Amino acid sequence: MVALAPDDPRLRSKHFENATAIFANNDVKYDSNKTRARLFAAQTNSGIVYSVARDTPSQDALRERPGISADKVKWLQRHDRECGYLYGMLPLIENMPMALTDHIDRSPDKMLLRGKIGYLHSWVLREDDESVAEHGVRRLQHLPLVVFVKYPNATWTLPGLTEPGLYPIVPRASSWWLDKNRKHPKLKITRQQLPLAPAFSITTHASQGQTLVLSLIHI
């Protein structure tokens, strides 16, 4: 289906409620995922817990730009492809579809590779996280210790767990550069975040070769 206008009535049909949206670039995809995560929370009467990325400038970056740490809030708004494939503000909502942003488990029975979609089951926070929810939104002070993603059709069960298809995802670190277009980049940033993203939107490049059910293409 091709949307003819932003208010195309077909977009509101239940048939396309959880359809994957396909966009030409990462900026729009990233914004769409965040918007639809908020809609998912509203539709399911759920609160949103935000896992806030931890960005650490390298020593070279601090030497070249001493005040660089003051820009951390701005970095949280960048799309994941600019920041080591990790979200700045990752929304966590129970039962929301989530896609892996990195390869997690290559074992033949699991094949949890980048792009694999599961459903957010639960999470474990640090004991010293004193953040509270305000108006249905909670911004964590620390990254979650672990989140559990459910893969409904899986037949495997991990040791120590009793539910099939339940897999623990922990934060990862990835590096990116603010000055990536320089001949010799120096402004290196290391980001820590969960390697997950809301699974509502992808780019046209990522969709190539995939079989998508109920795909919604925006132009």
Side-chain angles (χ1 to χ4, degrees), residues 11-23 26-54 76-81 83 85-102 104 112 114-127 129-154 161 163-172 191-203 206 212-216 218:
L11 303 182
R12 294 188 293 274
S13 70
K14 193 170 183 60
H15 188 64
F16 287 101
E17 193 172 80
N18 294 314
T20 302
I22 303 176
F23 297 101
N26 284 298
D27 287 336
V28 184
K29 177 212 72 174
Y30 185 71
D31 187 64
S32 173
N33 267 334
K34 292 191 295 184
T35 298
R36 291 186 66 182
R38 290 193 295 269
L39 289 174
F40 180 87
Q43 291 166 354
T44 58
N45 196 28
S46 304
I48 304 178
V49 174
Y50 280 102
S51 173
V52 185
R54 295 291 177 264
L76 296 177
Q77 307 306 315
R78 290 172 171 246
H79 67 71
D80 55 318
R81 294 303 175 94
C83 305
Y85 295 88
L86 295 174
Y87 267 55
M89 299 285 289
L90 177 65
L92 303 178
I93 306 167
E94 287 187 19
N95 299 316
M96 184 172 73
M98 301 289 278
L100 298 174
T101 62
D102 200 356
I104 300 297
L112 300 181
R114 181 183 297 162
K116 178 78 171 181
I117 296 176
Y119 295 85
L120 196 58
H121 180 276
S122 56
W123 51 84
V124 178
L125 304 182
R126 281 177 39 166
E127 291 184 0
D129 194 310
E130 299 179 349
S131 59
V132 295
E134 295 183 5
H135 308 293
V137 176
R138 181 180 181 183
R139 293 176 177 83
L140 299 179
Q141 296 173 330
H142 306 284
L143 292 170
L145 294 174
V146 61
V147 302
F148 290 92
V149 177
K150 172 75 173 181
Y151 295 93
N153 298 321
L161 300 178
E163 187 172 341
L166 202 59
Y167 200 95
I169 306 294
V170 297
R172 288 193 171 190
R191 169 166 290 185
Q192 289 184 303
Q193 178 62 283
L194 297 160
L196 294 168
F200 295 115
S201 306
I202 58 176
T203 61
L212 299 175
V213 180
L214 302 182
S215 293
L216 169 62
H218 271 242

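Here the structure is a predicted model, which means the values were calculated and not measured. Throughout, numbering of the chain's residues begins at 1 and tracks the sequence. Side-chain atoms are counted along with the backbone in the values below, which use heavy atoms only and exclude waters and symmetry mates.
Of all heavy-atom pairs spanning V146 and P168, the tightest one is CG2-CB, 3.5 Å. When all heavy atoms are compared, the tightest approach of L145 to R126 is CD2-CG, 3.4 Å. Heavy-atom minimum distance, P198 versus A37: CG-CB, 4.5 Å.
For the side-chain contact (heavy atoms from CB on, under 4.5 Å) test with F200, the passing option among R36, K34, M98 is R36; the others fail. Results of the side chain to side chain donor-acceptor pair (under 3.5 Å) test with S131 over R138, R139, H142, Q141 single out R138 as the only residue that passes.
A search for salt bridge (charged side-chain N to carboxylate O under 4.0 Å, His left out) contacts involving R54 returns nothing, not counting sequence neighbours. Among residues two or more places apart in sequence or in another chain, the side chain to side chain contact (heavy atoms under 4.5 Å, CB included) test is passed with D27 by N25, H79. In this structure Y151 satisfies the side chain to side chain donor-acceptor pair (under 3.5 Å) test with no other residue, sequence neighbours excluded. Not counting sequence neighbours, R78 has no partner by the side chain to side chain donor-acceptor pair (under 3.5 Å) test. The salt bridge (charged side-chain N to carboxylate O under 4.0 Å, His left out) test applied to K150 returns E163, not counting sequence neighbours.
Here OH of Y50 is found 12.0 Å from CG of L76. Values are rounded to the nearest 0.5 Å. Summarising the geometry, atom OG1 belonging to T101 is positioned 8.5 Å from atom CZ belonging to R81; distances are rounded to the nearest 0.5 Å.
Although no hydrogens or angles enter the test, the distance criterion places no donor-acceptor pair under 3.5 Å between the side chain of S32 and the main chain of V28.
Counting only heavy atoms from C-beta outward, the side chains of I104 and R172 approach each other to under 4.5 Å. Two residues are said to be in side-chain contact when any heavy atoms from C-beta on lie closer than 4.5 Å; Q193 and S51 meet this criterion. With a 4.5 Å cut-off on side-chain heavy atoms, L194 and W123 do not count as touching. D102 has its side chain within reach of R114: a pair of non-hydrogen atoms, C-beta onward, lies under 4.5 Å apart.
Ion pairing between R191 and D80 fails under the 4.0 Å rule for side-chain N and carboxylate O.
More than 12 heavy atoms of other residues, nucleotides or ligands sit less than 6.0 Å from atom CZ of F148.
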Show which side-chain atoms of residues 85-97 pair as donor or acceptor with protein atoms under 3.5 Å away, not counting sequence neighbours.
residue : atom : partner : partner atom : Å
Y87     : OH   : N33     : ND2          : 3.3

